[in-house]
Amino acid sequence: MPKEPDFIHDLNEQQRRAVRHGEGPLLIVAGAGSGKTRVLTYRIAYLIHQNMAAPNEILALTFTNKAAKEMQERIGQLIGEEAKRLWMGTFHSVFSKILRYEAEKIGFNSDYSIYDTEDSKNAIKQILRENNYDPKEIKPRILQRRISDAKNELINPDHYGEKFVHSTLDDITARIYKIYVERLKHNNAMDFDDLLIKPIELFNEHPDTLEKYQDRFKYIMIDEYQDTNHAQYKVTNMLASKYENLCVVGDDAQSIYSFRGADISNILDFKSDYEDAVEIPLEQNYRSTKAILKAADSIIKNNSKQLDKTLWTDNDMGDTITVLDNYDERDEANRVANYIQDLKMRKGYDYNDFAILYRTNYQSRVFEETFRRKGITYQLVGGLSFYQRKEIKDVLAYLTLLINPEDDTNLMRIINEPSRGIGQKSLSDLMNRARQTGQSLWRILENVEEADVYKPAENSVKDFVRMINSLKQQLANGRSLVEVTKQLLDESGYMKSLVEENSPKSMTRRENILELQNAISYFEKNNDNATLSSFLQEISLITDTDKYDEEKPAVTMMTVHAAKGLEFPVVFIVGLEEELFPVGSRNNEDVNIEEERRLFYVAITRAEQELFFSHCRSRYKYGEEQRKTRSRFLDEVSSDVVRTETGSSINQDKNRFSGKKNSSPNNGDTKVEYDWKKPLYDKNNRSSHTQIHYDNPDEDPFQVGAKVIHNVFGQGKIISRSGQGERTKVVVFFKERGRKTLMLRAAKMQVVG
DNA sequence: TTCCATTACGCCGCT
DNA sequence: CGTAATGGAA
């Protein structure tokens, strides 16, 4: 065996043990900021250096593509060029590559489409319509959720019915699930879940293929193991079962993805799954001050089950955590902005040293507005991602059609986009014919004259088919992807219709399309055998955090989920209010409070030097002002590391949430009925939610609180109003029909009493 | 068939 | 408040 590499001495004792561990299962329980990425990186480099494995015999599964790329670069610095041959990436991207090689074995074509949430929702909606269900009553979103959960638990459509006590919804789900799976296969398409479960099917049906990959991946490493779901567990378990050289790294305290099926017991049970597993804890934190770590610890102690470990640090005590008590979200954004500018000036921080972390994406809006006004540069990570935008999805749907004509869902998306006279009626005629004959929609279009549809539509279809075929021809002739895309934008009339619209919105869309073209040509330049298929596959799996640029001189704004694995010198955790962080329950489902607490723990441990907690006394929701109570987490945090802005200790009521549950259906959110306190921000900047003025308020009886009777909806009460004059809208809560929004000038309704 | 106005509804997180 | 979906008129 070669002499140990010098880099082994860059590590502490526990880290070194993990890196040196050779064959056999290994569990690394890595506390926040304990250098786990470093351990993974070094361990891979070490295995190669010691000739225990060739680079292409190592599979490393990370949580983001960016993490994989960075790790690969680091390993490259340690061992050189051959690091390129490592198999690294997210579960989804690695297995989608494997599926591309093996697609035929499970009845797919290697140019299969990848459906995102929106695509599969569209497919489900279409199936509902075809089976005479009303998508308004049976919500595609709900079904998709159930189907996705079933897939991740590896329950196939045939078994779905058995597993549950029968309710109507269970029966419908079972039925739609079955059709959905068939439809995706028919469309040569896979959804995100399929990328994980199809490999399992493949390996079950083809033991020889399984063995091929078992032999290829002699060593397997999985990062963020606490956030793997059952399917991910299963597929890696299969791959590792021959050599059992499986190394998993994780922290049960940071498990925050149960909503997509992540199963914390994967990490908790690792030692019973692999009896000779070695467990190594990484307990020294290199990231945060003592104060920050103490805050984190005091929070997580409130959770019940945890793997045994004690996080400690050699770092300084650091400053106490400041709690910002704000009037509302504008006040909050202003105050945070002021602190950023102040810290930047006084302590020499740069903009990219700051992060603003929130529970929900919509909270970014106020911060964006405020920061733009104050000239603070920021980068927003997440929200509606670039590749989810309508115009981008449209162009990609066109491109997908060129290589996967079986894909009815993508075809449906763009066949009349921009409108070319193929309307609802003609489309459903064509679709019905496709279903009856078992052919793809594209096949029907190619022979549209046999379909007997409305003549003008038939001609449009012929033009459409001609256009797509000519683009396919271009592609086959080896023209570059950018060229073909340009031609497509031109010939489809897509660009033209955007130009004609000439609105601010259409301008942005044109810019986005331009950016997509740049992305395509960048891809072509940087990949030797860039195909349309590989491009589409890659971009459909790009994540929000993949685009986060730590060098960019800008304040980062993102959700706590997106911040996982990242670190910042100064962190603001905002919106620390009940029903927001921890989140409020949705349609009476229980909130997993322990997971919310872990999420808060993740947020705290992103901070290196300084940390701020921020909450608002009131907040706008659906255009209505809500009173907010401070998050219970602020009562749980160790009182000696938090201070108010004036430096006094915060009033904590540790018993506030213990014992009895609040029985109010709307706990935490109450409507504001009076001005609570003057806002601290500049009144001149107060642009929205001002009072509406009427010329003759006395003549307008439709005020908030008024009881009304409506011709159709019956009795109700006005709970809010918005807009002015002709555009005045009111929200009315009707006794029998619930909440409705009505145009005052059109509503057939009178004030009573 | 298309376009525009009105109404519904969400705001939990992500591949 | 914002956007998506729907439904009626040109």
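Owing to the predicted nature of the structure, the values given are computational and were not obtained by experimental measurement. Letters A, B, ... mirror the listed sequences (proteins, then strands); counts begin at 1.
Atom P of nucleotide B:dG13 and atom CG of A:Asp227 are separated by 16 Å, given to the nearest angstrom. One interatomic measurement links the two molecules: CD of A:Glu624 to C1' of B:dC9, which rounds to 13 Å at whole-angstrom precision. Whole-Å rounding puts the A:Leu357 CG to B:dG13 C1' distance at 14 Å. Rounded to a whole Å, the NZ atom of A:Lys121 is 13 Å from the C1' atom of B:dC14. We find that CD of A:Gln388 is positioned 10 Å from C1' of B:dT15, with the value rounded to whole Å. Rounding to whole angstrom units, CD1 of residue A:Ile147 and C1' of B:dT15 are separated by 17 Å. Atom pair A:Leu196:CG and B:dT15:C1' shows a separation of 8 Å (rounding to whole Å applied). Between the CZ atom of A:Arg330 and the P atom of C:dC1 there is a distance of 11 Å, given to the nearest Å.
The side chain of A:Thr543 contributes no N or O atom lying less than 4.0 Å from OP1 or OP2 of B:dC14. A close approach under 4.0 Å does occur between a side-chain nitrogen or oxygen of A:Arg141 and OP1 or OP2 of B:dG10. In this model, the phosphate group of B:dC11 is not approached by any side-chain N or O of A:Asn361 to a distance below 4.0 Å at OP1 or OP2.
More than 12 heavy atoms of other residues, nucleotides or ligands lie within 6.0 Å of NZ in A:Lys390, so this atom counts as buried by the packing criterion. The neighbour count for A:Tyr454 OH, taken as heavy atoms of other residues, nucleotides or ligands under 6.0 Å away, does not exceed 12. The environment of A:Lys121 atom NZ is dense: over 12 non-hydrogen atoms of other residues, nucleotides or ligands sit within 6.0 angstrom. By the 6.0 Å contact criterion, CG on A:Asp452 is open, its count of non-hydrogen atoms from other residues, nucleotides or ligands being 12 or less.
Residues passing the side-chain contact (heavy atoms from CB on, under 4.5 Å) test with A:Ser419, sequence neighbours excluded: A:Asn416.
Closest non-hydrogen pair, A:Glu368 versus A:Met557, comes out as N-CE, 4.0 Å. Across every non-hydrogen atom of A:Asn266 and A:Tyr225, the tightest pair is O-CE2, 3.3 Å. When all heavy atoms of A:Asn303 and A:Arg598 are compared, the pair lying nearest together is ND2-CG, 3.5 Å.
Comparing the same atom, P, in B:dG13 and in C:dA4 gives a spacing of 16 Å after rounding to whole Å.
Closest to the side chain of A:Tyr257, from the set B:dC14, C:dC1, B:dC12, is B:dC14. The side chain of A:Arg359 sits closest to B:dG13 out of B:dC11, B:dG13, C:dT3. Side-chain atoms of A:His561 lie closest to B:dG13 of the nucleotides B:dC11, B:dG13, B:dG10.
For the pair A:Leu580 and A:Ser540, nearest-nucleotide mapping onto DNA chain B gives the more 5' position to A:Leu580. The nearest heavy atom of DNA chain B to A:His92 and to A:Gly584 marks one nucleotide each, and the one closer to the 5' end goes with A:Gly584.
Taking the six-membered ring for Trp, A:His615 and A:Phe581 have ring centres at least 6.0 Å apart.
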All N/O pairs under 3.5 Å across the protein-nucleotides 1-3 of chain B interface:
residue : atom : partner  : partner atom : Å
B:dT1   : OP1  : A:Gly423 : N            : 2.6
B:dT1   : OP1  : A:Ser426 : OG           : 2.8
B:dT2   : OP1  : A:Gly421 : N            : 2.8
B:dT2   : OP2  : A:Asn416 : ND2          : 3.4

Contact list (N/O, under 3.5 angstrom) for nucleotides 5-9 of chain C vs protein:
residue : atom : partner  : partner atom : Å
C:dG7   : OP1  : A:Lys136 : NZ           : 3.4

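Looking at A:Lys125, A:Arg389, A:Lys393, A:Arg141 one by one, the single match for salt bridge (charged side-chain N to carboxylate O under 4.0 Å, His left out) with A:Glu118 turns out to be A:Lys393.
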